[in-house]
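For reference, the structure discussed in these notes is given below.
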Amino acid sequence: MENPEVAMVFEEIADLLEILGENPFRVRAYRNAARTIRELPEPVEQVARDPGRRLEDLPGIGKDLAEKIRVIVNTGDHPLRQELRQKVPPGLRDLLDIPGLGPKRAYALYKQLGITSREELKKAAQARRIRTLRGFGAKTEQAILEALEHLEEVSRRVYLAEAKVFADAVIQHLRAVPELHQIEVAGSFRRRKETVGDLDVLVTCDQSAPVMDRLAEYSAVRDVLVRGDTKMSVRLANGMQLDLRVVPEESYGAALQYFTGSQAHNIQLRRRAQEMGLKINEYGVFRGEERVAGRTEEEVYAAVGLPWIPPELREARGEIEWALEGKLPKLVELTQIRGDLHMHTNVTDGRASIEQMILACKELGYQYLAITDHSKRVTVAGGLDADALRAHWRNIDRIASRIAGITVLKGVELDILEDGSLDLPDDVLAEADWVVASIHYGQNQPRQQITRRILNAIENKYVHCIAHPTGRLIGKRKAYDVDLDLVLKAAADHGCFLEVNAQPSRLDLDDVALLAAREKGILIAINTDAHSIDELRFMEFGVYQARRGALEAKDVLNTRSVRELRKLLTQRRK
DNA sequence: GCCGTTTTCGGCCCGACTGTTTTCAGTCG
């Protein structure tokens with residue numbers, strides 16, 4: 001049983017308990033457990049079945065939840081969920097996604113009007129029956145109707161890359177206001193999550209009116225939703241909501257910390273403050289009435305005895321412990337990237353020529369690049385057979401010899417075929433400087449089969465790296481049903497590299513997998529998989545994902561010099 | 001339901017906002 005499945009049982013139990021008005025801390029315990037399991041880098045089922053391991057050692061898992069996990073992995077479900085479903089129709093959970101509706105009101109709607117789905121809710125609202133309930137009014141009823149209309153848009157998350165286009169543009173637009181001092185986008189955007197729901201923009205300024213006026217007239221603002229003295233919300237052209245908050249200078253750091261989150265990180269931080277007799281809120285760190293910090297984030301963290309923690313790590317995955325022990329990683333930075341090892345040219349499905357790609361990489365300041373066009377199986381992309389590939393490589397050599405100051409590796413994106421074999425024979429691969437292997441076909445194979453395919457590739461010494469190792473397309477296509485734990489183990493054992501694919505829709509390996517890969521000492525290549533010159537700029541997003549996985553420069557293959565790189569590639573083939 | 005060099009019981013992050021209400025519960029981030 002997969003971790004997300006186990007986590008979903010606990011999530012549902014948490015929702016149902018909450019709707020029933022159970023102890024909120026008991027609800028939180030189930031949610032914490034769900035999160036722990038979802039982010040566990042190995043199958044929780046494996047921990048449960050290993051007599052040498054204790055589920056109780058996992059954070060937030062005590063005796064009771066450990067037993068429940070055992071029941072779930074053995075039976076696929078837990079009686080408590082069934083019991084709760086008797087008391088609360090499961091459809092009621094769907095109401096929790098509607099802004100303004102929480103567990104209490106959802107239960108009131110069910111108890112008093114018998115509503116058990118969004119559809120029934122809509123009918124009741126249209127019939128003006130909701131306003132008759134105590135605690136509800138005409139405004140709430142109207143808000144529910146509107147929320148139901150726009151639910152898809154409201155709950156939509158966009159790729160970080162898309163959010164960044166808007167965030168950068170808004171910041172640039174607002175900077176023109178002379179009254180503006182500081183401005184930054186907080187929230188999950190600042191933590192560089194792979195998708196972003198809305199933008200939280202913080203500013204300090206002499207007067208808020210000119211800043212808000214300027215935002216209102218921005219071309220990408222579709223609607224102004226709310227405008228007060230210190231807060232303004234707008235809807236952007238792509239459907240995203242943007243919240244602008246004006247905060248006092250002396251609270252800027254505290255507000256930035258607060259609005260950057262994550263919520264789980266903030267809870268841990270505040271608990272620590274509490275133990276020290278302090279209180280943290282968005283206005284500062286307080287001892288009694290006295291503000292002891294708040295102007296900068298560094299100040300806020302220092303007030304609770306911690307160094308500043310990079311936003312990408314603020315997910316309550318042990319970063320506060322790292323900070324306390326002086327073990328915070330020195331995260332890899334874009335400027336440390338010396339080359340890009342996965343890209344395509346117009347010889348297969350790319351848009352730019354060999355020469356254009358080389359020149360563009362040189363322009364980016366890289367020391368090297370690898371050209372990795374598709375192998376023959378990928379027919380839709382015009383994949384190359386052995387002869388065509390050899391000719392392509394000769395061509396690359398010829399063009400590269402004319403361009404000084406950058407090293408060009410002759411590579412290939414080698415298809416891992418459905419039967420587990422590789423698309424080109426070893427003698428051809430041996431002639432390549434660099435081989436990335438990946439799956440394009442047979443993505444729906446059962447777990448064992450598809451895992452075996454990837455292991456075959458890892459075990460072949462001519463394969464340097466596995467590209468986009470899970471094949472997911474965020475929000476569009478699920479990952480292959482691959483046993484990532486086995487893949488990581490094999491990669492570590494065989495010295496095979498794994499990729500973070502920097503395409504905004506891919507970004508796999510993801511942060512959680514990277515944390516596990518880092519533990520195992522696997523070297524990660526951050527590659528753009530660019531199909532055009534523009535896409536070389538996606539490197540930034542790959543680096544963000546690597547940072548969320550706590551990777552340092554030493555953990556990343558393509559921070560190495562050409563010499564070191566060549567040495568590592570040779571080692572792999574021994 | 002979890003957790004503990006102040007605790008095995010009594011805590012569990014914190015404040016703003018909204019709409020509904022006459023002092024606040026529910027929701028949200």
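Throughout, a chain's letter reflects where its sequence line sits, starting with A, and its residues are numbered from 1. Please read all numbers here as calculations on a predicted model, not as lab measurements.
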For nucleotides 22-29 of chain B, give me one character per nucleotide, 5' to 3': B if any protein heavy atom sits under 4.0 Å from the base, S if the only such contacts are to the sugar-phosphate, - if neither. S---SSSB
Could you state the [atom1]-[atom2] distance from [X] to [N], rounded to the nearest angstrom?
X	N	atom1	atom2	result
A:Lys139	B:dC17	NZ	C1'	12 Å
A:Arg54	B:dC3	CZ	P	11 Å
A:Arg314	B:dC13	CZ	C1'	16 Å
A:Ile144	B:dG19	CD1	P	12 Å
A:Arg272	B:dC14	CZ	C1'	19 Å
A:Leu58	B:dC3	CG	C1'	15 Å
A:Tyr30	B:dC2	OH	P	8 Å
A:Leu269	B:dC14	CG	C1'	12 Å

Taking [M] as the reference, what is the distance to [N] when you measure between their [atom1] atoms (whole Å, please)?
N	M	atom1	answer
B:dC9	B:dG19	C1'	38 Å
B:dT23	B:dC28	P	25 Å
B:dT6	B:dC17	P	37 Å
B:dT22	B:dT18	C1'	16 Å
B:dT21	B:dT27	P	14 Å
B:dC12	B:dT7	C1'	13 Å
B:dT8	B:dC3	C1'	9 Å

Apply the test side-chain contact (heavy atoms from CB on, under 4.5 Å) to residues A:Ser208 and A:Met232: give CA-CA distance (whole Å), side-chain angles for both, the deciding distance (0.1 Å), then the verdict. CA-CA 10 Å; A:Ser208 63; A:Met232 175 169 172; over 6 Å; no
Carboxylate-amine/guanidinium proximity below 4.0 Å for [X] and [Y]:
X	Y	value
A:Arg70	A:Glu67	yes
A:Arg214	A:Glu179	no
A:Glu282	A:Arg245	no
A:Glu315	A:Arg548	yes

Nucleotide forming a Watson-Crick or wobble pair with B:dC3, both distances under 3.5 Å: B:dG10
Regarding [X], tell me which of base, sugar-phosphate or nothing describes its non-hydrogen contacts under 4.0 Å with the strands shown.
X	result
A:Lys279	sugar-phosphate
A:Gln268	nothing
A:Ala108	nothing
A:Asn266	nothing

Kindly determine whether A:Asp15 and A:Arg31 satisfy side-chain contact (heavy atoms from CB on, under 4.5 Å), including the steps that lead there. CA-CA 9 Å; A:Asp15 280 350; A:Arg31 291 204 200 289; 3.1 Å; yes
Both A:Ala138 and A:Glu275 contact DNA chain B. Taking the nearest nucleotide for each, which residue is further toward the 5' end? A:Glu275
Judged by nearest nucleotide, the residue sitting upstream toward the 5' end of DNA chain B, A:Phe25 or A:Glu56, is A:Glu56
Test for a donor-acceptor pair under 3.5 Å between the base of B:dG1 and the side chain of A:Asn32, counting only N and O atoms. no
Distance check: side-chain N/O of [X] vs OP1/OP2 of [N], anything under 4.0 Å?
X	N	value
A:Thr140	B:dT20	yes
A:Gln274	B:dC14	yes
A:Arg28	B:dC13	yes

Hydrogens and angles aside, do A:Arg472 and A:Asn501 bring a side-chain donor and acceptor to less than 3.5 Å of each other? no
What is the glycosidic conformation of B:dT7: syn, defined as within 90° of 0, or anti? syn
Stepwise side-chain contact (heavy atoms from CB on, under 4.5 Å) test for A:Leu278 and A:Arg287: CA-CA 5 Å; A:Leu278 299 167; A:Arg287 176 172 282 115; 3.6 Å; yes
Consider side-chain contact (heavy atoms from CB on, under 4.5 Å). Of A:Leu95, A:Leu92, A:Leu113, which one does A:Leu121 pass it with? A:Leu95
